[in-house]
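If you're wondering where the values come from, they're calculated on a predicted model, not measured in any experiment.
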Amino acid sequence: MTASDSSTLSHDYERISTIYPLIDTHTHFDAPVFDHDRTALAQQAYERGVHHLVLVGYLARHFERMYETKHALTATDAIQDKDGDNRDRPPMPVTHIALGLHPFYIEQHTDQHLADMAQMLGQKRPIATQMLGQKRPIAIGEIGLDTFTDAMKVPAVFAKQQQFFCAQLDMAVAHQLPVMLHIRKAHAEALAMLKAHDYDAQQLGGIAHSFSGGEQEAKAFVKLGFKLGVTGQVTNPNAKKLRRAISAAVKAHGIRCLVLETDCPDMTPIMCQTAGDSASALGQSPDDEWGAPSTAGCAHNRNVPANLPWVLASLSELLEIPIDELAKQLWQNSNDALQTRWPYPV
C-alpha cells in the first residue's frame, strides 16, 4: 500500500461522526488496482457503514473475474492471527454482480459476447438464492450510449452502441432485471430509445449511473422511473451543473429519486484526493482498464468504497436534509432501484 493510499484510507472521518448504513450501488471493485488490498478495503468499507456493494460489468472477458472477486469477498472460513490462532473473519459488505457490456468499449464487443452474456443470465439461479452464495446477477449494466470522444460519434460506431444497448435492454425485460445506465453526452438519444423500448423502469427499477446531464434530463430520467446515481462528483462545489440537476430533480420528485455510488476506483470525493489529476481512469491504460497496483496510483486518485460516507454528507448538505433521514431514504431507494428487499440495519 502506498503512502497516498494509506492517507485515503485513514482520512479525517471525524467530520462524519456517526456511521450510517449505506449501499454502494456501483463499483468496479474487481479491478486490478485493488488486488493488493481488496480485503482490507472491504473490511474498512463495512466499518464505515457500507453493507452492500455491486460489482458492475463492462467487458465480457472480466465477467469471471467479477465472480471470483465476489467469492473472495464472501469467504466465511476462519483466518489465523499472528499467533497462529483461528479467529472469525471481520465482516465485509455483501457483494452482488451486474453483467453488462459498456458502450465506451463498443469496438471490443462482439455478437458472441452478447450471446455469452445471455447464456450466463439464463444459467444463473433466482434472486432469492443470492444471499446463499449463488451467482445470479442482480442487474444488467453498465449499458447505454457514449459519444464522449470523436471516435464514438462515427455513425457506424454509434449505431453499434445502439444495437448493443437495445439487445441488453431486451435481456433485462426477458429476465426481469433492472439496468444500470451509462449515458455520456448522449442523453437525448438514450431517452428516445428508452421511451421506444418495452423496458419499464417504473416496474423493473434501474439507475442512471453517475448522472452527468442537466436539469431537464435529470427530471426526464426520473420520470421514466430511474434513480439518479450520485458519486463523489457532488462533493466538488465547482460541479455546479451536476448539483443544480440533482437539486432540480429532488425539487420535482423528492429524495426518492437518488441513490449513492462510489464508481470506484473513479470519482474520488474531493476531500479524499491526494494527487493532482482527478480525471477518470476510464480507458487510461493500454488495454482500456484500470491499471495494476504498480502503475495505477500515478494515473489518478484511487477511489474506495469506504469513501461513500463523504458522498452522503455532501448530498445532505446540498439538499439541506438531515443526514440520518437521507441515509435511511437512500437505502430504500437502492432497494427500489435494484428490486431487492435488504432490511435496513438497526
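- The aromatic ring centres of His182 and Phe165 sit 6.0 Å or more apart.
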Intermediate values then yes/no, side-chain contact (heavy atoms from CB on, under 4.5 Å), Ser334 and His52: CA-CA 10 Å; Ser334 300; His52 295 266; over 6 Å; no
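- When hydrophobic clusters are built by joining Ile, Leu, Val, Met, Phe, Trp and Tyr residues whose side-chain heavy atoms come closer than 4.5 Å, directly or via intermediates, Tyr20 is not grouped with Tyr46.
- Between His26 and His209, the ring planes lie parallel to each other; the angle is under 30°, not in the 30° to 60° tilted range.
- Nearest heavy-atom pair, Ile207 versus Phe226, reported as atom, atom and distance to 0.1 Å: N-CD2, 3.7 Å.
- In this structure, the ring of Trp342 has its center no less than 6.0 angstrom from the ring center of His51.
- The aromatic rings of His187 and Phe211 sit perpendicular to each other, their planes meeting at more than 60°, with 30° as the lower class boundary.
- A donor-acceptor pair is defined here as one N or O able to donate and one able to accept, closer than 3.5 Å; no such pair exists between the side chain of Glu142 and the backbone of Val56.
- A perpendicular orientation is assigned to the rings of Tyr105 and His102, their planes being inclined by more than 60° (bins at 30° and 60°).
- Of all heavy-atom pairs spanning Met92 and Ala72, the tightest one is CE-O, 4.4 Å.
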Test side-chain hydrogen bond (donor to acceptor under 3.5 Å, both in side chains) applied to Asp24 and Thr262, step by step: CA-CA 6 Å; Asp24 193 345; Thr262 58; 2.7 Å; yes
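- Centroid-to-centroid, the aromatic rings of Phe148 and Phe104 stay 6.0 Å apart or farther.
- Looking only at atom types and distance, the side chain of His109 has no donor-acceptor partner in the side chain of Gln163 under 3.5 Å away.
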